[in-house]
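Working notes, beginning with the structure itself.
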Number of protein chains: 2
Amino acid sequence: MARERKVTREKLYETTKTLLLQHGYNGFNFTLLAKQLNISRAALYKHFKNKEELVTDFMIFEMNKFLAAIRKIENYTNFDAQFDYLFATMFQHKEIHEILGMTYLIYSKSNKKVKANIEKLKNLHEDMYRYLQKFIKLGKKENRVAPHISDEALLGFIFQSFSIPNHFHIPPSEWYAQIKELVSHGMLTNMS
Amino acid sequence: MARERKVTREKLYETTKTLLLQHGYNGFNFTLLAKQLNISRAALYKHFKNKEELVTDFMIFEMNKFLAAIRKIENYTNFDAQFDYLFATMFQHKEIHEILGMTYLIYSKSNKKVKANIEKLKNLHEDMYRYLQKFIKLGKKENRVAPHISDEALLGFIFQSFSIPNHFHIPPSEWYAQIKELVSHGMLTNMS
DNA sequence: ATAAAAAGTGACACTTGTGTCACCTTTATG
DNA sequence: CATAAAGGTGACACAAGTGTCACTTTTTAT
């Protein structure tokens with residue numbers, strides 16, 4: 001019964017991601033997105049009540065993709081294998097950290113759906129956190145991870161490292177190896 | 001000949017910093033700043049032609065403070081002392097990294113002064129970079145820093161580590177020690 | 001074939017933020 | 001002591017983004 005969409009939801013979310021990263025949360029708006037997609041602004045309102053709803057829907061979409069990948073960490077039994085897998089996965093999903101960092105800018109009172117979405121995001125975040133905490137716990141148990149450092153610092157440290165800007169455009173595989181080395185053993189030689 | 005300011009430039013910049021961090025670059029505006037300072041919006045236009053000019057002036061102010069501190073690194077001759085000093089200094093100026101990250105959002109065509117300010121910021125940034133690169137070079141020479149990792153990755157890594165959010169409010173001195181340990185030796189034990 | 005659902009549109013009224021102006025206030029100095 | 005420079009203000013016209021509505025187009029199930 002329905003007419004075909006001019007723009008698929010995937011394409012819409014992809015463009016949303018690009019514009020959010022390019023202009024920041026408050027620089028992003030319906031006018032900009034509609035222009036970029038060559039549709040009218042009013043068309044967007046057929047699918048989302050407002051910007052907050054669109055962005056939180058988008059975030060849930062991204063977070064689900066990310067979590068689906070993270071969950072596969074359970075296919076690996078020892079810490080070293082988990083570390084390799086996790087690092088590669090998070091490198092592929094680099095942008096999600098910056099995207100999720102925008103959550104605090106969302107005006108959540110705007111509507112019921114937005115409130116519910118933010119709640120859902122919180123849950124997904126906690127879900128993710130549980131997997132990662134389990135990973136850290138295993139590392140500490142196997143004596144592979146520095147035991148006296150808090151889980152929060154360790155996880156924040158990993159996440160943050162993917163946001164290091166590669167201004168000089170070092171080739172991805174090389175960049176990847178360097179970041180992994182830094183996260184693993186730090187910047188100082190072991191003669192310290 | 002001049003009337004006293006209701007608000008000092010320092011207070012103005014301090015409030016600017018708070019609001020920029022709270023609302024992001026595009027969420028920050030003259031209306032918000034004027035309200036927060038209990039002055040009229042028109043008063044702000046007496047001192048700054050527009051938001052871009054205000055923000056870039058503010059950034060130069062912050063960058064100069066930061067650079068003044070960084071320069072003192074030359075009071076220390078060996079790498080370990082420089083590292084300790086640099087780490088402490090950068091920890092005290094945590095926010096500057098996030099602030100400077102907003103530069104790419106500034107619409108630089110808006111006016112001559114803004115263009116000049118951005119140029120100045122670029123120079124200050126390069127200045128800072130030179131000090132830090134010298135620091136890294138010394139570290140590599142003293143065999144204290146991993147030699148095969150690029151200066152860009154090393155410096156990005158240090159900067160980024162100060163942006164790790166301390167959501168669980170671990171006391172600053174403890175947090176500081178953990179981050180320093182992670183940056184120094186990474187998250188894995190040396191048995192790797 | 002047609003009715004109903006979903007997708008899309010331009011236009012309108014509204015809100016928020018901008019930049020400027022005429023005008024008032026304070027204060028140091030000739 | 002008056003005057004000019006700098007600080008401050010409310011008001012106005014303008015620009016950009018929002019949300020809604022009446023209306024059109026496409027599609028498919030009956």
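By convention in this document, chain letters (A, B, ...) are assigned in the order of the sequence lines, proteins followed by strands, and residues within each chain are numbered from 1.
Taking the side chain as every heavy atom from C-beta outward, A/Met90 and A/Leu86 approach each other to under 4.5 Å. Side chains of A/His47 and A/Arg9 form a contact here, defined as non-hydrogen atoms less than 4.5 Å apart. The side-chain heavy atoms of B/Lys113 and B/Thr56, taken from C-beta on, include no pair separated by under 4.5 Å. Two residues are said to be in side-chain contact when any heavy atoms from C-beta on lie closer than 4.5 Å; A/Gln178 and B/His148 fail this criterion. Counting heavy atoms from C-beta outward, B/Phe83 and B/Lys180 have side chains that approach closer than 4.5 Å.
Linking Ile, Leu, Val, Met, Phe, Trp and Tyr residues whenever their side-chain heavy atoms come within less than 4.5 Å places B/Ile164 and A/Tyr104 in a single cluster.
Rounded to whole Å, atom C1' of D/dT9 lies 12 Å from atom CG of B/Leu44. In this structure, B/Tyr107 atom OH and D/dA15 atom P are separated by 15 Å, rounded to whole Å. Look at NZ on B/Lys35: it is 15 Å from P on D/dT9, rounded to the nearest Å. Distance, A/Glu53 CD to D/dG19 C1': 13 Å, rounded to whole Å. Between the C1' atom of C/dG17 and the CD atom of B/Glu52 lies a distance of 13 Å, rounded to the nearest Å. A/Phe30 places its CZ atom 15 Å from the C1' atom of C/dG8, with the value rounded to the nearest Å. The CG atom of B/Asn50 sits 20 Å away from the P atom of D/dC14 (whole-angstrom rounding). Distance CG (A/Asn26) to P (D/dA16): 18 Å, rounded to an integer number of Å.
Between B/Thr31 and the phosphate of C/dT16, there is no side-chain N or O to OP1/OP2 separation shorter than 4.0 Å. OP1 or OP2 of D/dG8 has at least one side-chain nitrogen or oxygen of B/His47 nearer than 4.0 Å. OP1 or OP2 of C/dT9 sits under 4.0 Å from a side-chain N or O of A/Lys6.
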Heavy-atom protein contacts under 4.0 Å, nucleotides 20-30 of chain D, coded B base, S sugar-phosphate only, - none: BB---BBBS--
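Within the nucleic acid shown, A/Leu32 has no heavy atom closer than 4.0 Å to any nucleic acid atom.
Between B/Phe87 and B/Phe162, the ring-plane angle classifies as tilted under the 30° and 60° cut-offs.
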